[in-house]
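Each chain gets a letter, A, B and so on, in the order the sequences are listed, and its residues count up from 1. In what follows, every heavy atom counts, from backbone to side chain, and hydrogens, waters and symmetry copies are set aside.
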Amino acid sequence: MDALIAPLLNGSAQGALLLLAALGLSLTFGQMGVINMAHGEFLMLGAFAAYLVQQVVTATDLSIPVALPVAFVVAGLFGLLLEITVIQWMYRRPLDTLLVTVGVSLVLQQAALQIFPSQGVPVEKPGWLDGQLTVLGYGWPLRQLFTILLATVCVAALSAWLRYTSFGRRIRATVHNRDLAETSGISTRTVDRLTFFTGSGLAGVAGVAASLIGGTNSQMGAQYIIPAFLVVAAGGIGQLKGTIIAAWAVGVALSFFAYWTTGSLAQVLAFILVIVFLQLRPQGLFTVRTRSLA
Amino acid sequence: MSTSSKRPRTLVAVGATLALALSGCGARAGDEAVAGGTSAAPSCVDTSGASVKLGFLNSLTGGMAISEKTVSNVLHMAADEINAGGGILGKKIEYVQEDGATDWPTFAEKTEKLLTQDCVAAIFGGWTSSSRKAVKPVVEKNNGLFFYPVQYEGLESSPNIYYTGATTNQQIIPAMDYLASQGVKKLFLAGSDYVFPRTANAIIKLYAAELGIEIVGEEYVPLDKDDWTSQVAKIVAAKPDFVFNTINGSSNVGFVKAYYDAGLKAETTPIISVSIAEEEAPAMGHEVTGQYASWNYFQSLKTDTNPKFIESWKAYPNSSGVTSDPMEAAYISLYLYKALVEAAGSFDVDAVNAAAKAKPITFDAPEGTVTLDGENHHISKPGHIGKINSSNQFDIVWSSDKFIEPDPYLEGYDWFPADIRKQLTDAAG
């Protein structure tokens with residue numbers, strides 16, 4: 001039993017972190033068509049924000065809950081800045097956004113290297129995340145449960161926002177048909193900015209979760225960007241439920257492969273699986289139904 | 001029937017292609033980068049003036065900048081010190097700093113540039129074995145000199161390279177001796193997936209068999225991945241007495257966190273590391289306290305020369321405030337070069353190599369007086385095991401009874417068979 005439970009639970013947590021990293025991308029890439037290669041660095045900004053919050057709020061039990069909204073706003077504002085200064089001139093030119101944002105990501109990495117100690121900074125885990133939950137004989141680290149809860153809350157909040165608010169309706173209208181949305185009086189500029197702010201902010205939240213799992217340093221964003229893009233692509237562009245299923249599936253696959261083989265081979269096998277899947281179904285798990293002729 | 005829009009389809013294709021392209025562009029460990037040019041030009045090094053040009057080659061950008069920036073800074077400090085003391089053979093050091101950019105072909109190109117355009121007398125730097133292996137053919141072709149400051153997997157020697165970090169018999173073997181002295185019976189191996197951990201673990205397994213230590217597991221994770229959760233679950237199940245950690249870089253933070261999260265404690269299942277030093281420990285938080293590391297130098301080491309080194313470094317601009325083994329080895333490398341040139345009475349590469357063989361060259365390093373082996377170009381070093389305390393310094397718990405002579409090919413160890421030596425040497429390329 002243990003041979004199934006451990007990889008299943010670990011994989012679900014890995015998938016949850018992947019989902020947190022991919023959630024913002026599924027908004028900016030999926031809904032807006034912007035390939036933001038600096039998304040990983042927004043994640044890094046969130047992690048550094050968590051560190052800075054810990055310097056002010058020294059009680060570690062409190063600092064992480066405080067850091068979550070702070071990281072959201074910090075990364076979101078950086079995203080907004082990027083949208084206003086660079087991205088807004090490049091809509092409908094995905095390859096150009098790719099090149100420009102790769103440049104931005106390098107600038108942000110180097111800036112972090114200059115500002116913070118080069119080896120990175122410690123983000124301390126709150127005391128209430130110490131310990132394990134025994135599930136069928138396996139001591140499941142509480143920190144993993146936290147990652148899953150955080151991802152669940154983010155997904156619920158995001159889908160409620162998209163579904164039930166007038167702003168969410170405007171975003172969905174813009175995704176389905178930008179020209180028609182504009183004709184109906186929706187300010188697609190405002191929609192784009194707020195979408196980009198939210199997508200980047202979610203990267204910041206993912207950064208706080210990542211800072212509890214790995215190192216907080218200038219290079220941390222790089223390891224999440226590729227898997228996150230693959231998850232969004234496999235899930236189907238512009239589809240939240242696709243991203244959720246794909247992230248969970250990749251996380252669990254990674255974990256089972258790691259359990260049966262080695263950590264390195266697991267990375268290869270899991271992503272071969274994604275690529276084969278995309279070969280068979282290039283549009284991803286789910287597609288947006290649209291009458292657009294574009 | 002509704003149709004899916006074209007735009008998202010194109011995007012999927014772009015995204016997936018991009019992901020593939022980028023994932024293929026990571027570190028190509030073991031790449032033999034060969035720089036342009038075919039024949040060795042006669043040396044263009046000019047030392048007739050009042051100064052001598054030296055090249056510093058460190059990754060100041062990219063992933064390895066995390067570690068190599070400090071090495072670059074300490075080389076600058078050593079150069080300033082030597083200049084303040086009158087230079088080398090009365091000539092001031094004039095250094096050319098180049099950025100290897102965490103890219104191994106770039107290391108090869110910059111080496112070529114430093115040797116043939118800047119005409120430097122020697123080059124100092126590198127960190128990863130991949131960067132050293134990229135530099136090696138270029139310094140050999142141009143008959144240049146390269147000083148490499150980091151502990152590594154051994155099984156290498158070159159007339160054009162001097163190694164001031166530990167080889168395996170000065171770091172891995174002392175660590176195993178320590179484990180044996182502690183009565184360890186079951187050992188788990190965890191490493192990053194590249195040449196150093198793979199070679200180190202091959203050696204560890206052979207020596208463990210000799211010492212009667214059982215290897216209860218062996219796990220690798222790519223260098224750029226921080227998540228160790230799945231592998232740590234295997235450690236929990238295997239119940240080892242000790243974990244031998246050959247993970248490098250930021251992945252160590254993820255390992256230590258996952259370890260702690262799974263309820264493994266330093267008191268019951270300690271870790272011994274070969275790449276966590278004073279520089280790395282602070283980024284890991286309290287989770288790393290109580291764990292062990294094997295090095296040749298610790299900031300806490302009590303020698304006559306160490307206090308001055310620490311003080312100079314703390315006062316140096318851009319200093320990180322703590323000293324560590326790779327920094328100290330880089331500091332040694334410049335002074336060792338000075339001693340070699342002064343023994344040779346010349347900056348000429350062949351004269352320097354001849355001087356290395358003629359009589360033992362020594363330097364009063366912060367770790368103690370090190371002696372150069374003129375044949376294999378490595379230096380003698382003391383072995384120390386330290387335990388990380390709550391201020392991220394190391395309490396020394398074990399030391400070798402004397403300085404350990406370098407033996408990069410492990411020829412003095414009869415448990416290391418010749419066929420495996422050949423196989424590993426070939427594999428390391």
So, the side chain of S12(A) versus the backbone of L8(A): is there a donor-acceptor pair under 3.5 Å, distance only?
yes

Report the distance from atom CD of E124(A) to atom CD of E287(B), rounding to the nearest 0.5 Å.
6.0 Å

Checking heavy atoms, do the side chain of K69(B), its backbone, both or neither come under 4.5 Å from chain A?
side chain

Sort T60(A) into side chain, backbone, both or neither according to what part of it lies under 4.5 angstrom from a heavy atom of chain B.
neither

Looking only at atom types and distance, does a side-chain atom of D99(B) sit under 3.5 Å from a main-chain N or O of L60(B), one as donor and one as acceptor?
yes

Any idea which of Q110(A), M220(A), Q109(A) has the most non-hydrogen atom pairs under 4.5 angstrom with chain B?
Q110(A)

Proximity breakdown for F255(B) and chain A, heavy-atom pairs closer than 4.5 Å
neither

Partner chain B: residue of D130(A), L265(A), L142(A) with the largest heavy-atom pair count (under 4.5 Å):
D130(A)

Would you say the side-chain atoms of N389(B) pair up with the backbone N or O of S391(B), donor to acceptor, closer than 3.5 Å?
yes

Relative to chain B, which segment of S264(A) carries a heavy atom at a distance below 4.5 Å: side chain, backbone, both, or neither?
both

Mind telling me whether Y316(B) and W313(B) have parallel, tilted or perpendicular rings, with 30° and 60° as the class edges?
parallel

By a 4.5 Å heavy-atom criterion (distance strictly below it), what part of Q231(B) contacts chain A: side chain, backbone, both, or neither?
side chain

Given that the side chain runs from C-beta out, which part of L212(A) has a heavy atom under 4.5 Å from chain B: side chain, backbone, both or neither?
backbone

Tell me, side chain or backbone of S192(B) under 4.5 Å from chain A's heavy atoms, or both, or neither?
neither

Q55(A), CD atom: more than 12 neighbouring heavy atoms under 6.0 Å
yes

Look at atom NZ of K265(B) and say whether more than 12 heavy atoms of other residues, nucleotides or ligands are closer to it than 6.0 Å.
yes

Return yes if some donor-acceptor pair links the side-chain N/O of K125(A) with the main-chain N/O of I64(A) below 3.5 Å, else return no.
no

Can you tell me which portion of D261(B) sits under 4.5 Å from chain A's heavy atoms? Options are side chain, backbone, both or neither.
both

Please work out whether the ring planes of F116(A) and F48(A) are parallel, tilted or perpendicular, with thresholds of 30° and 60°.
parallel

Go through the atoms of P222(B) and report whether side chain, backbone, both or neither lie under 4.5 Å from a heavy atom of chain A.
both

Where on S320(B) is there a heavy atom nearer than 4.5 Å to chain A: the side chain, the backbone, both, or neither?
neither

Side chain, backbone, both or neither: which part of E218(B) has a heavy atom under 4.5 Å from chain A?
neither

